[in-house]
Number of protein chains: 2
Amino acid sequence: MPARRAVPVAAPRRPRGRPRKTLAERDEGNRRQELVRAAARLFHRQGFAATTTRDIAAKAGMQSGSPFYHFKSKSDLLHAVMEEGLRAAGQRQAEALLTLQSDGTSAAAVAPEAALRALIRTQFDILLGPGSDFVPVMLYEWRSLTSRQRAGVAKLAREYEAPWVPVLQALRETGRLRADVHLARLLIFGALNWTVQWFDPKKGATLDDLTDAAMELFVHR
Amino acid sequence: MPARRAVPVAAPRRPRGRPRKTLAERDEGNRRQELVRAAARLFHRQGFAATTTRDIAAKAGMQSGSPFYHFKSKSDLLHAVMEEGLRAAGQRQAEALLTLQSDGTSAAAVAPEAALRALIRTQFDILLGPGSDFVPVMLYEWRSLTSRQRAGVAKLAREYEAPWVPVLQALRETGRLRADVHLARLLIFGALNWTVQWFDPKKGATLDDLTDAAMELFVHR
DNA sequence: CCTACCGATCGGTAGG
DNA sequence: CCTACCGATCGGTAGG
């Protein structure tokens with residue numbers, strides 16, 4: 001048998017195609033998420049412009065340049081915070097509405113009022129509950145997005161807002177709401193969103209108290 | 001007659017005491033006010049952190065270092081914007097309430113509802129009417145004050161808010177409001193303050209429309 | 001993801 | 001109030 005031609009020695013064989021993730025690579029998604037979480041908290045507490053990418057890196061345990069390995073720009077980080085916030089919010093809202101339909105109470109009569117209560121309670125949880133940095137950042141920092149990013153976020157926000165309209169419409173038809181439905185929705189959202197500015201759980205009121213007060217304020221007897 | 005001793009020639013006689021203001025000096029207050037106005041508009045449009053003192057100087061027709069002749073720091077300028085906003089707002093509110101008392105309608109019955117309408121309408125004017133940059137800046141940028149400045153602004157804000165409570169209390173006693181008075185006031189303020197985020201006069205609704213919608217939403221029949 | 005760095009910008013000041 | 005400037009900070013990048 002002739003000596004085989006020398007072939008370039010291949011590196012130790014590795015499986016073809018997409019490599020199985022090593023431990024470090026599997027971490028990658030987590031590191032990215034840690035950055036988003038750190039950014040959400042800092043943007044919420046200090047505002048976007050007053051937060052440096054160095055602050056965020058430090059909070060995620062990285063060096064100053066490292067966020068830019070995961071995100072093209074500071075504004076992309078802000079965008080990621082908002083998208084994550086709206087995604088989670090939409091999911092929670094959908095779950096709340098589903099629970100409502102399957103809880104067995106006779107739909108027709110109680111429905112719109114119970115639905116509004118569920119929507120409001122969910123909104124308070126998103127705005128003020130544990131881990132609630134993402135949506136407040138969206139509410140108070142959307143000016144800092146590029147206009148292209150802003151358009152995308154606005155679309156997600158409209159999807160989140162959509163389920164409120166038929167509920168308010170139904171309440172209006174039963175005389176429990178007098179105002180124009182669209183203006184009412186905007187005013188109600190303002191009342192809820194503004195709680196981010198003043199609500200302090202240490203002062204005694206709970207999110208349920210807040211929900212009761214809101215229902216009493218908006219829904220007529 | 002002996003020659004008089006030479007006396008140092010005095011500069012052209014000027015009146016004693018506080019000098020009459022020259023044109024340039026009379027301008028000084030105006031220049032300061034121009035800075036505050038320019039700052040209010042820019043802080044409102046871009047946010048405090050995203051506005052540079054150079055932006056403000058340029059808008060007031062000055063060089064980059066000149067704002068610091070009038071204000072010790074950027075944060076002092078912000079503080080001046082807020083104090084001016086609250087001062088003007090308090091004055092307008094007081095006028096609105098006075099007009100109410102002297103318009104001749106029999107007080108007892110209509111009073112609380114008419115009073116709430118006047119308060120809301122005034123608030124919309126302050127937030128959305130012509131020249132309405134100052135109070136929105138206060139609402140959305142108070143975090144950027146030093147804690148000492150914040151305490152002063154908070155005190156003025158409490159004075160502005162005070163007249164709302166007895167009005168809401170009276171409405172509650174006549175059954176036109178069901179919610180707790182203090183929570184109701186906070187929720188109502190949120191609904192009004194949030195209009196800064198979405199109200200667009202070009203979309204057809206007027207401040208009177210907004211006032212009607214708010215009254216219909218909050219005041220039960 | 002770190003190291004080392006750049007270019008730009010910013011609040012603020014001295015001196016007139 | 002302008003001129004001229006400083007020191008610090010910041011978003012972002014090259015190269016490994």
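Chain A is the first sequence line, chain B the second, and so forth, proteins listed ahead of strands; every chain is numbered from 1. Computed over heavy atoms, backbone and side chain alike; hydrogens, waters and symmetry mates excluded.
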Quiz item: Would you say C:dC1 has OP1 or OP2 under 4.0 Å from some side-chain N or O of A:Gln63?
Solution: no
Quiz item: OP1 or OP2 of C:dT9 sitting under 4.0 Å from any side-chain N/O of B:Arg54?
Solution: no
Quiz item: What is the pairing partner of D:dC6, taking Watson-Crick or G-U wobble pairs with both distances under 3.5 Å in any strand?
Solution: C:dG11
Quiz prompt | Pair partner, C:dG16 [Watson-Crick or wobble, under 3.5 Å] | solution =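 Here C:dG16 is engaged in a pair, and the nucleotide opposite it is D:dC1.
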Exercise. Can you label the angle between the B:Trp194 ring and the B:Tyr140 ring as parallel, tilted or perpendicular, going by 30° and 60°?
Key: tilted
For [X] and [N], give me the distance from atom [atom1] to atom [atom2], rounded to whole Å.
X       : N      : atom1 : atom2 : result
A:Lys74 : D:dT13 : NZ    : P     : 15 Å
A:Asn30 : C:dC1  : CG    : C1'   : 15 Å
A:Lys72 : C:dC1  : NZ    : P     : 19 Å
B:Phe71 : C:dC10 : CZ    : C1'   : 19 Å
A:Leu78 : D:dG11 : CG    : C1'   : 15 Å
A:Arg32 : C:dC1  : CZ    : P     : 12 Å
A:Met62 : D:dG11 : CE    : P     : 16 Å
B:Arg31 : D:dC1  : CZ    : P     : 4 Å

What's the closest nucleotide to the side chain of [X] if the choices are [options]?
X       : options               : answer
A:Tyr69 : C:dG12, D:dC2, C:dC1  : C:dC1
B:His70 : D:dT3, C:dC10, D:dC1  : D:dC1
A:Thr53 : C:dC1, C:dC10, D:dG11 : D:dG11
A:Phe68 : D:dG12, D:dC10, D:dC1 : D:dG12

Quiz prompt | B:Leu35 vs A:Ala50, nearer the 5' end of DNA chain D by closest nucleotide | solution =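 The 5'-side residue here is B:Leu35.
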Quiz item: Can you list the steps and then say if A:Trp164 with A:Phe189 is a ring pair (Phe, Tyr, Trp, His ring centres under 6.0 Å)?
Solution: CA-CA 10 Å; A:Trp164 292 68; A:Phe189 262 58; 4.7 Å; yes
Exercise. Might you point out which heavy atoms bring A:Val36 and A:Phe134 nearest each other, and give the distance in Å?
Key: CG1-CE2, 3.8 Å
Practice problem: Would you classify B:Ser66 as touching base, sugar-phosphate or nothing, given that sugar-phosphate means primed atoms plus P, OP1 and OP2, and contacts are heavy atoms under 4.0 Å? | Solution: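 The residue B:Ser66 makes base contact.
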Practice problem: Just call it for B:Ser75: base, sugar-phosphate, or nothing, with non-hydrogen atoms closer than 4.0 Å on any strand. | Solution: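 If one applies the 4.0 Å heavy-atom cut-off, B:Ser75 turns out to touch nothing in the nucleic acid.
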Quiz item: Is there a side chain to side chain contact (heavy atoms under 4.5 Å, CB included) between B:Leu86 and B:Glu83 once you walk through the steps?
Solution: CA-CA 5 Å; B:Leu86 275 169; B:Glu83 288 209 311; 6.0 Å; no
Quiz item: With a 4.5 Å limit on heavy-atom distance, are the side chains of B:Leu127 and B:Phe199 in contact?
Solution: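 No. Closest side-chain heavy atoms not under 4.5 Å.
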